[in-house]
Amino acid sequence: MTTTDTHCPYCSLQCGMRLRAPHSGGEAHVLARPDFPVNRGALCGKGQSAAAVLGAGVRLTAPLVRDERGGELREASWTEALDRVAAGLAVAGQRHGRESVGVFGGGGLTNEKAYLLGKFARVVLRTPNIDYNGRFCMSSAAAAHRIAFGLDRGLPFPLTDIAKAGCVILVGGNPAETMPPALRYFRELRANGGTLIVVDPRRTRTAEQADLHLQPVPGTDLALALGLLHLAIADNKVDEAFVAERTTGFEAARTAAMAHWPERVEALTGVPVHQLRETLRLFADAATGIVLTARGPEQQSKGTDTVGAWINLCLALGKAGRPGSGYGCLTGQGNGQGGREHGQKADQLPGYRSIEDPAARAHIAQVWGVEADDLPGPGRSAYELLDTLGTDGGARALLLMGSNPVVSAPHAGHITERLRALDFLAVSDLVLSETARLADVVLPAAQWAEETGTLTNLEGRVILRQAALDAPQGVRTDLHVLRELAARLGVDKGFPEHAEEAFEELRRASAGGPADYSGISYRRIRAEDGVFWPCPGEEHPGTPRLFLERFATPDGRARFTPVTHRPAAEMPDREYPLILTTGRVLAQYQSGAQTRRVPELNRAAPGPFVELHPQLAARLGAADGEALAVTSRRGRAVAPARVTDTIRPDTVFMPFHWSGAGRANTLTNPALDPISKMPEFKVCAVRVERVR
């Protein structure tokens, strides 16, 4: 047996674990790793069972190809499969132009994969059309972070700061189910005398831990934040010295907030005025305070403004850029942070550089050995890319790595049809996901325990997930795939198969950029249990806490943003009188492509459901467990009723982990935030009926 220190393949905590693997054959086992500082040995059920997906009976172990449209997938050699992928991408480009070839990545890909995938799109395919499913995760928070602070890192402080804060407001997040080992920091917060306030339309397991729980109407978080800022101004709680010394733009934000008086905000949100006043008092009077957001306020067509309003509250009260205080985002996917820093977003180059910045283009072109003018410009965002697949002007061929949009994309029925309309689809994945089943070629990828690579967790800590065992015969790494495809398409150099070699190039590419990894090495990560970026030199200690001396704006000041409430893109009406909101459950992860293949997780969460309040159930005449049809303007989903008083009577909830009849994203609204291009997953109008 060999025991290897590594990390969990799931959420953005990237919990430390040990994997015990036999020298030949047999099952691998997950063990605790108490010395890793993020989770201190704790693992959720997903992490504890992570080795179950490594088995040959669960995952892909040979390439699959389809001989004709509508035909069955059959096993093929790697040579045939890679030849077909290269030909499919090349033919589309020759027939329809370079922009007709698209690349779609994933927030679970390592930094090395994300980096080389972006390089492959821009150097080999020379297409602007690359984006990734992280656009559906943190993009609104990222945009608001950049607007206010000049730099986006999910948490600008370590997780340990949560436990030391005087008050934490958690908006639209449920870490008790989405990242259970993180819940200890919230428990320690309360044990240390701090206060936890949770904002969520549902009384979740996290909300049950709170000192105060606010239950707003889904889609009204922006009004709620504006109402709190109004109260801060009216009650003379603004930190005038901090505002004057370290911010700009307060007067415009003040004017916007004053139009959101408490009674108006109660009417919009359903949160009573007395709870608004108590929230403001607890947060303003605490010596230190943190606001954390998650997908609830971010996955809205006004998500960037909503996060900006919560940042405004932090700035007005002087709770930013100081130890123990600040705004942060609870990233969802395992490499949701690093995945958007190094080039798989449509508008970015490695190091979190803008693809439209001439200096950034020149730097990256020099590292890549190409002319800056040959690099394409910005392409379509994730939903826009998927929405135009197979159309004139859209991508006609798509290379997809580590994503399952048939389940995870909004308006998923439409996206499924767009994928079917492609001239050519190639998918690299661990398992035969719902999206892979549509592909012309499926490439079996090595898994987390079979390949080494770095990821960046929600704190900005760059960690090293080390290989613990060999991949099965017939499986290759994504880095191998990119190298082989690049060679077939005429680029013989610049796509290393070894992760550390790729990371060394990433270091050079990121040097001098906002997300500077140039001082981070595999050696340092192993020695230091991860290194916080930015880290611009090998002697630099890394940066656990950002903004303590200045913000990352040209003048060093944080920027207030004047925002005002507006309704969701789709509000209830007579035909669709209820609001649907979506989210995750404890035992499943994202599109469920991996976790739905683990028996113990399926026993805990066997399928989709429709959560509704007893008052609504009574109006419908529906009993717990009875099949309900939920219908929106985009489609219909059917799942059993789960009757509970933990949800608002005007709201229903569905988890989004499943495909088939209970697919929640059949219903969701693809209305996009104009800045972040985040779809409005969290709010859409529906009707609910018994299935007769």
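Just so it is clear, the structure is predicted and the values come from calculations on it, not from any experiment. Just so you know, these numbers use all the heavy atoms, side chains as well, and skip hydrogens, waters and symmetry mates.
A search for side chain to side chain donor-acceptor pair (under 3.5 Å) contacts involving Tyr115 returns Trp368, Glu505, not counting sequence neighbours. Residues that satisfy the side chain to side chain donor-acceptor pair (under 3.5 Å) test with Glu177, not counting sequence neighbours, are Asn174. The side chain to side chain donor-acceptor pair (under 3.5 Å) check on Thr595 picks up Gln588, with sequence neighbours excluded.
Aromatic rings from His411 and Tyr383 are positioned such that their centres are separated by 6.0 Å or more.
Judged by distance alone, with hydrogens and angles left aside, the side-chain atoms of Asn133 form a donor-acceptor pair with the main-chain N or O of Gly107 at under 3.5 Å. The backbone N or O of Ser676 lies less than 3.5 Å from a partner atom in the side chain of Arg135, making a donor-acceptor pair. When atom types are taken as modelled, the side chain of Arg340 and the backbone of Lys345 share no donor-acceptor pair closer than 3.5 angstrom. The closest donor-acceptor contact from the side chain of Thr452 to the backbone of Ala467 lies under 3.5 Å. Formation of a donor-acceptor pair under 3.5 Å by the Asp423 side chain with backbone atoms of Ala397 is not found in this model. Counting only distance, with no hydrogens or angles, the side chain of Gln466 and the backbone of Asp5 share a donor-acceptor pair below 3.5 Å. Within the 3.5 Å criterion, the main-chain N or O of Glu497 finds no donor-acceptor partner in the side chain of Arg483.
In the model, Thr435 has a side-chain atom that pairs as donor or acceptor with a side-chain atom of Asn404 under 3.5 Å. A donor-acceptor contact closer than 3.5 angstrom is absent between the side chains of Gln473 and Thr61.
Between Val598 and Val53, some side-chain heavy-atom pair lies under the 4.5 Å cut-off. In this structure, Cys11 and Lys46 have side chains that are not in contact, with every pair of non-hydrogen atoms separated by 4.5 Å or more. Contact check for Thr477 versus Lys113: no side-chain heavy atoms found under the 4.5 Å cut-off. You'll find the side chain of Arg122 reaches within 4.5 Å of the side chain of Leu349, heavy atoms only. At least one side-chain heavy atom of Leu485 sits less than 4.5 Å from a side-chain heavy atom of Leu82.
Within 6.0 Å of CZ on Arg20 lie no more than 12 heavy atoms contributed by other residues, nucleotides or ligands.
Note on ring orientation: taking the six-membered ring where Trp is involved, the planes of Phe104 and Phe136 are tilted (angle from 30° to 60°). Between Tyr517 and Phe503, the angle of the ring planes lies from 30° to 60°, which puts this pair in the tilted group.
One distance of note links CG of Leu89 with CZ of Arg98; it measures 14.0 Å at 0.5 Å rounding. In this structure, His29 NE2 and Gln48 CD are separated by 14.0 Å, a value rounded to the nearest 0.5 Å.
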